[in-house]
Amino acid sequence: MEQGTSLYPVMLIWRDYLIGSYSRRRDINKWTYGLLLWSLRENVTSYVEVCNSLFRSLDALNDSPIDDKLPVLHQSL
Amino acid sequence: MTNYPCCTKVCDDILFIRLNLVASGTTYRCIHLPTLVVTTQHPGGSIDLTENAFAPLLPECKFETCANGSVGLVHEEIYSIPSCLPNHPRYCFVLTQYLDSGERTDWEILEVEIDLSIPGPIKIFSRVSRQYTVACPANIVHHSVDDLLLSADDFMFSKPLEVRFLQVGKPDVWRELKLGKKIYVTGLQVDRDAGCIIVSGSGDLHGPRGLSFIWWVDDRKPGAVVQ
């Protein structure tokens, strides 16, 4: 795993995948969250960074500037 | 990090993600896994969901449990229930949460419907129906096979026993069974094969005399007492 990334200890099996969530520290006070998909058949791990706004509380969402609410969903292999 | 997302359950092809927020309750999100896998296979990881299209849906991508002041989840059960539309699957959530400083617990039963017709892996909760909330039950039994929920507030001999009976998905037909006498309850169980609910207890708080009260799931049959 990339340095600074920590995995939540609970993982689930779905079909040929092991699925979990991770956090990654961007700077001293900023974390990003995402999903980890480990293809057990191909032994390939995908990190899907799910938009931070999806993983934040509604209250926090309502208090944040609109630009901060836009989702970003990308992955890295 | 108080809001660490946790992958909590996969039902069918839906991944439920839980976010615990201290003193604010618990929220859930849902992600369609086949679409997510396809997304990871796109060059650069792009998806066919524009930010502008997604933004108006954002409030519906999550739902919050209603237990105000929750300080933690004790128990969580999620399972699918019959749905009329294949692209609108329905799920039942049975949640137990610690409230305040962990001295009280509440049970909450919710029925949610997910809209799979929108593009992209992040789906929305098209309907959230809060079916039943049990505040601080003394004892509770839930059978997901039959969607039965039984609860009794007082099992300590202080007032006549009342047991509430609910079938998840049918919030209008729940009923309350009143025994009309005080007993010290030692057990509450469902015997699905026999089709009955059994309350075991004693007529005397300090005595050994055992009693069992049988209520049939079919409410047309009268209940019975077995000594």
Side-chain angles (χ1 to χ4, degrees), chain A residues 5-26 29-42 44-77, chain B residues 1-64 76 120-124:
Chain A
T5 301
S6 57
L7 196 61
Y8 193 78
V10 178
M11 299 191 79
L12 303 171
I13 289 279
W14 173 74
R15 298 187 187 175
D16 296 327
Y17 290 88
L18 197 59
I19 299 170
S21 58
Y22 69 88
S23 66
R24 189 171 286 165
R25 194 168 196 166
R26 291 299 182 199
N29 285 323
K30 188 173 182 183
W31 294 79
T32 57
Y33 301 98
L35 299 175
L36 176 145
L37 282 80
W38 179 10
S39 170
L40 300 175
R41 184 192 297 174
E42 300 170 5
V44 172
T45 304
S46 302
Y47 295 94
V48 183
E49 187 173 305
V50 179
C51 51
N52 272 340
S53 49
L54 185 72
F55 281 164
R56 292 168 60 191
S57 72
L58 285 173
D59 290 341
L61 190 68
N62 291 334
D63 292 341
S64 61
I66 186 71
D67 289 346
D68 199 28
K69 298 176 187 176
L70 298 178
V72 177
L73 193 137
H74 60 80
Q75 58 93 36
S76 57
L77 298 177
Chain B
M1 288 195 301
T2 57
N3 53 349
Y4 201 116
C6 172
C7 297
T8 184
K9 177 85 175 181
V10 176
C11 279
D12 309 323
D13 288 332
I14 302 291
L15 169 67
F16 292 100
I17 301 172
R18 184 184 70 231
L19 200 60
N20 290 323
L21 299 168
V22 172
S24 299
T26 303
T27 63
Y28 287 89
R29 290 91 170 119
C30 60
I31 291 187
H32 189 242
L33 287 172
T35 314
L36 185 70
V37 169
V38 170
T39 299
T40 66
Q41 294 164 352
H42 287 175
S46 62
I47 59 171
D48 59 349
L49 180 64
T50 65
E51 294 177 349
N52 287 339
F54 179 73
L57 299 174
L58 202 50
E60 295 173 326
C61 291
K62 38 190 138 182
F63 81 85
E64 294 181 316
E76 170 188 69
I122 300 170
K123 302 302 182 185
I124 65 170

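Labels below follow one simple rule: chain letters A, B, ... track the order of the sequence lines, proteins then strands, and each chain is numbered from 1.
Residues B:Cys7 and A:Gly20 approach most closely at SG-C, 3.6 Å, considering heavy atoms.
Here the OH atom belonging to A:Tyr8 is positioned 12.5 Å from the CD1 atom belonging to B:Ile17, to the nearest 0.5 angstrom. One distance of note links CD1 of A:Ile19 with CG of B:Leu33; it measures 4.0 Å at 0.5 Å rounding. Atom CG of A:Leu35 and atom CD1 of B:Ile31 lie 4.5 Å apart (nearest 0.5 Å).
Evaluation of the side chain to side chain contact (heavy atoms under 4.5 Å, CB included) rule for A:Leu18 yields A:Met11, A:Ile13, A:Trp38, A:Leu40 as partners, not counting sequence neighbours. With sequence neighbours excluded, the residues forming a side chain to side chain donor-acceptor pair (under 3.5 Å) with B:Asp13 are A:Trp14, A:Arg15, listed by chain and number.
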